[in-house]
Structure formats: C-alpha cells, structure tokens
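Working notes, beginning with the structure itself.
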Amino acid sequence: MSTRQHWEHVYQTRATDAVGWYQAQARTSRALIEAVAPDRDAAIVDIGGGASVLADELLTAGYGNLTVVDLSGAALAKARERIGTRASEVVWQEADVLGYAFPEASFDVWHDRAVFHFLTDPDQRARYARQMRRALRPGGHVVIGTFAPDGPETCSGLPVQRHSPDTLQDAFGPECVLVQSQREVHVTPGGTEQPFNWCVFRKSA
C-alpha cells in the first residue's frame, strides 16, 4: 500500500474525531500563526491539513488567503463538507508535499502539524526542506509541530522520526532561524498522551 493509499484508507474508514491526531480545537497552531502573521491578508499554507479544524478557525479569525495541502482527497472532502459554504474561500490541494510544484516565494506562513515526523528517510527530509524554503517568502515563518524525542515511535501504523528543536534546525538549514520552541502534550481521543515539540522558524533569505 502506498502512502497515499494508506491515508485514503484511514480517512475513508475512520471517523474524523476518532483518529489519534484529532483536535477539537487547534489552539497551539492558531496562536503561533496569529503571533507571526497578525495581518489577515497573510498567505498561509497548511501542510497535511486534511480534516483538521485549523482552516475553519483561521477563516473565523478573519484570514482570507488559505491553502490546505494533503495527500488524502477523502480528508480534504471531510473538511470542505464540515466548513460548508465558506470552503470555497480556501484553496484545497490534493498533493504530496514532496512533489508539489509550489509557486516560489508565495507564502508568509508554512504550517505543519505532524507531517514532517513521518519522513523517516533523510532524503525525504531534505526534499521537504527545499520545498518549504522555495515556497516561503523572505521573512516568512515555519510553524511546525512534531513528536518530541520522548514521543511515540509509530503513528497510524507507520514509523516516525521524532525531533527536537536542534534536529529541526539541522534539517531546515541556516536560512531558517529558530524563533521559539515549546512543548505540548497532545491527548488522543483514546486518552494516550503524546509529547510534541512546536517550533517557529523565520526564513532569513
């Protein structure tokens, strides 16, 4: 089963609020995005946003230039259905972040909650970093959440690569400057605690 098929199967067979990464509210993501991009015209891309409620919350907060990229068309369809008529205000892109042709210097914020930690191959991580640096405008920010070093070793039946702020810095390169980091413990719908590290980077050039 390919990675795309895996995630299509997950979203076709499981309720959105039953998956381990489900959040009723995207508090940390929203707070970090609002801190680095208070301008409601900021161009924001949510990598692996899928069926997340982040797009709903950003629309409600007044942001009007949103793009959601995800491998799973089923996940994106669930988000569009939930949002309703305002879904037309978001660009929904069914694509692999590693291969998608992002327009150069097109985003002010690159948000990723729990995609990067699925990239267990160093070459994949290098491709991801190149894609991110290409898509971000100079002075733009990366807002990223990954499993912390003491977090789970697998998720949704797949292995993960856990990260610290230092390993993320190494992966993203000197063009990205660490602005802040914080720890969050996510509690899954089943009650399991999952430690995350959140980092904010600024692209310097």
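Note that the structure is a prediction, hence the values are computed from the model and not measured. The first residue in the sequence is number 1, and the count goes up from there.
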Quick one: CD on Q25 to CZ on R30, what's the gap to the nearest 0.5 Å?
6.5 Å
C176 side chain near M132 side chain, heavy-atom distance below 4.5 Å:
yes
Step-by-step side-chain contact (heavy atoms from CB on, under 4.5 Å) determination, F102 to V97:
CA-CA 9 Å; F102 288 100; V97 61; 4.0 Å; yes
What is the distance from atom CG of D108 to atom OH of Y63, rounded to the nearest 0.5 Å?
10.0 Å
Given 3.5 Å as the limit, does a donor-acceptor pair link the side chain of E175 with the main chain of R133, or not?
no
Smallest heavy-atom separation, V115 atom then I47 atom, equals CG2-O, 3.4 Å
Are V45 and I144 connected in the hydrophobic side-chain network, where two residues link if heavy atoms are under 4.5 Å apart?
yes
Is it true that D150 and R183 have a side-chain N and a carboxylate O under 4.0 angstrom from each other?
yes
Distance check, rounded to the nearest 0.5 Å: I33 atom CD1 versus H141 atom NE2?
12.0 Å
Using a 6.0 Å cut-off, check whether atom NE2 of H9 has over 12 heavy atoms from anything other than its own residue.
no
From the options E184, R113, H111, select the one residue that forms a side chain to side chain donor-acceptor pair (under 3.5 Å) with S29.
H111
Under 3.5 Å, is there a donor-acceptor pair between the side chain of T154 and the main chain of G157?
no
Search all heavy atoms of A42 against all heavy atoms of A37 and return the closest pair with its distance.
CB-CB, 3.8 Å
Between Q161 and Q124, is there a side-chain heavy-atom distance shorter than 4.5 Å?
no
According to a hydrophobic-cluster definition based on side-chain heavy atoms being under 4.5 Å apart (Ile, Leu, Val, Met, Phe, Trp, Tyr only), do V69 and L59 belong together?
no
If you look at every heavy atom in F118 and P159, which pair is closest and at what distance?
CD2-O, 4.0 Å
How about S72 and E8: does a side-chain donor come under 3.5 Å of a side-chain acceptor?
yes
Any side-chain heavy atom of C199 within less than 4.5 Å of one from L178?
yes
Please report the interatomic distance CD(Q12) to NZ(K78), rounded to the nearest 0.5 Å.
8.5 Å
As an exercise, state the distance from OG of S181 to CZ of F201, rounded to the nearest 0.5 Å.
8.5 Å
Determine whether Q23 and L54 make a side-chain contact, defined as any pair of heavy atoms from C-beta on separated by less than 4.5 Å.
no
Could you check if a side-chain atom of W7 sits within less than 4.5 angstrom of a side-chain atom of L158, using non-hydrogen atoms only?
yes
One pair to check against side-chain contact (heavy atoms from CB on, under 4.5 Å): V53 and R82. What are the steps and the verdict?
CA-CA 9 Å; V53 298; R82 185 186 63 242; 4.0 Å; yes
Looking at R27, I'd like to know if its CZ atom is crowded, meaning that more than 12 non-hydrogen atoms belonging to other residues, nucleotides or ligands lie closer than 6.0 Å.
no
Shortest non-hydrogen pair, A51 vs T16, comes out as CB-CG2, 3.8 Å
Aromatic rings F196 and W198: how do their planes relate, parallel, tilted or perpendicular, breaks at 30° and 60°?
parallel
Would the distance check show the side chain of R40 and the main-chain N or O of A61 forming a donor-acceptor pair, the cut-off being under 3.5 Å?
yes
Backbone of L119 reached by a side-chain donor or acceptor of R125 within 3.5 Å
yes
For the CZ atom of R137 and the NZ atom of K203, what is their distance to the nearest 0.5 Å?
11.0 Å
Are F172 and W110 close enough that their ring centres sit under 6.0 Å apart?
no
Look at the side-chain heavy atoms of Ile, Leu, Val, Met, Phe, Trp and Tyr, link any pair under 4.5 Å apart, and say whether I44 and L32 land in one connected group.
yes
Please give me the minimum heavy-atom distance between Y100 and Q93, naming the atom from each residue.
OH-OE1, 3.3 Å
Transitively linked via ILVMFWY side-chain contacts under 4.5 Å: L66 with W92?
yes
Could you check whether any side-chain heavy atom of S156 comes within less than 4.5 Å of a side-chain heavy atom of W21, counting everything from C-beta outward?
yes
For R162 and E153: C-alpha separation, side-chain torsions, deciding distance, then whether side-chain contact (heavy atoms from CB on, under 4.5 Å) applies.
CA-CA 7 Å; R162 299 172 293 181; E153 296 182 350; 3.7 Å; yes
Kindly give the heavy-atom pair with the smallest separation between G50 and D70, and that separation in Å.
N-OD2, 3.0 Å
Side-chain contact, heavy-atom cut-off 4.5 Å: H163 with Q169?
no
Check whether F116 and V142 end up in the same hydrophobic cluster, where Ile, Leu, Val, Met, Phe, Trp and Tyr are linked by side-chain heavy atoms less than 4.5 Å apart.
yes
Compare all side-chain heavy atoms of Y22 with those of T188 and state whether any distance is below 4.5 angstrom.
no
